[in-house]
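Below is one structure, written out as structure tokens, with a few remarks after it.
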Protein chains: 2
Amino acid sequence: MSIDVAEELRRVGLRATVPRMKVLSFFLDEQQRHFTAEDVCRQVADEKLNISFGSIYRVLQQFVDAKILRSGTLHSTKIVYELNNGPEHDHAICMSCGKIEEFYDPVFDARQKEIGESVGFLVVGRQLVLQGYCVKCRATAPKPTDNAKG
Amino acid sequence: MSIDVAEELRRVGLRATVPRMKVLSFFLDEQQRHFTAEDVCRQVADEKLNISFGSIYRVLQQFVDAKILRSGTLHSTKIVYELNNGPEHDHAICMSCGKIEEFYDPVFDARQKEIGESVGFLVVGRQLVLQGYCVKCRATAPKPTDNAKG
DNA sequence: TTGTCTGCAAAAGCTTTGCATGAAT
DNA sequence: ATTCATGCAAAGCTTTTGCAGACAA
């Protein structure tokens, strides 16, 4: 795994340092896809290796610039990072357990262009997060009152 | 104007204090609709009256709780507040000048429910911001390269 | 009077940055 | 050897909170 990530790093013009390789390996290995800087720092540093918060933030931002990662905000104001592989998508987040589902809907793409035109905007992107309750949380605590907007 | 806001405040169970009346009056008077706490503090305090940041934040949050205001994040990570009047809507923001347009689209409402079902979520709300360029900025600096996601 | 609110200032939470040491090429 | 990256710690920025004095009812 080390060789792969080292080459990938050099490919995008970054030196193959330990923190960078650890962070990239972490994203490539995990089943989960969405992590905050704190998540990454905790997971990457636990193996007796100390990697500072400053480096984590710097590396994550460099990876976003290099299109290795994408960043955004989902739950709170914390920045969430995910691998920039696979197709464009939006997110649905469970307000009870935090579970995140990704989805892609062509209807949104089409409508956002039309809506932009109706208000005189050339739309080039969007930030869309659906808030709700996943199957499991609906079963255990079905409380579909109106918590959020919409 | 003072009488109105004082009564409105008491109606929602809040004492009619100077900071609260000033803040509410500010939102009611302005043509613009979207303000950060810093915006409000700057605008409300300039008239020789000193209102602290602490109070601004407390009052804004109380107004959100009382359904007088709505809050969310549009541009940055700063919280943006708007009057909770008129219908539900989403926002389009110009990435060049910051201009904000509000819109409502029933297609989104319908689709978000269907999408939720397809991933097993009961969707109760959403956070949607379209990013683009307004008419004016398209005219002066038409640079529709791919800055943002989508 | 009584309970609430304010201004001040300090703290909290997340992220960024300066700097000297240390590592990659 | 040179250039760049790291760890540490301090600062930045937005928002929250504790507290004593002040105000609304």
- Task: Round to the nearest Å and state the distance from Asn50(B) atom CG to dA9(C) atom P.
- Result: 10 Å
- How close or far is atom C1' of dT6(D) from atom CD of Gln61(A), stated in whole angstroms? 17 Å
- Flag the pair Arg10(A) and Glu7(A) as a salt bridge only when some basic side-chain nitrogen lies within less than 4.0 angstrom of an acidic carboxylate oxygen. no
- Query: In whole Å, what is the span from the CG atom of Leu60(A) to the P atom of dC14(C)?
  - Reply: 15 Å
- Message: Tell me the interatomic distance from Leu9(A), atom CG, to dA5(D), atom C1', rounded to whole angstroms.
- Response: 13 Å
- Query: Which letters describe nucleotides 17-25 of chain C, given B = protein heavy atom under 4.0 Å from base, S = only from sugar-phosphate, - = neither?
  - Reply: BB----BBS
- Message: Nearest to the side chain of Ala37(B), heavy atoms from C-beta on, is which of dG7(D), dT15(D), dA5(D)?
- Response: dT15(D)
- Item | Whole angstrom value for the distance that separates P of dT15(D) from CD1 of Ile51(B) | 17 Å
- Query: Between dT4(C) atom P and Arg20(B) atom CZ, what is the distance in whole Å?
  - Reply: 11 Å
- Message: Tell me every residue that passes ring pair (Phe, Tyr, Trp, His ring centres under 6.0 Å) with Phe103(B), counting only those two or more places apart in sequence or in another chain.
- Response: none
- Below 6.0 angstrom between ring centroids: does that apply to Phe27(B) and Phe63(B)? no
- Task: Send over the distance from Arg42(B) CZ to dT14(D) C1', rounded to a whole Å.
- Result: 14 Å
- Item | Heavy-atom donor-acceptor pair, His34(B) side chain to Gln32(B) backbone, under 3.5 Å | no
- Message: Which label fits Phe108(A) and Phe108(B): parallel for a plane angle under 30°, tilted from 30 to 60°, or perpendicular past 60°?
- Response: tilted
- Query: For Arg33(A), which of Val80(A), Ile100(A), Asn85(A) qualifies under side-chain contact (heavy atoms from CB on, under 4.5 Å)?
  - Reply: Asn85(A)
- Query: Between atom CD1 in Ile56(B) and atom P in dC5(C), what is the gap in whole Å?
  - Reply: 15 Å
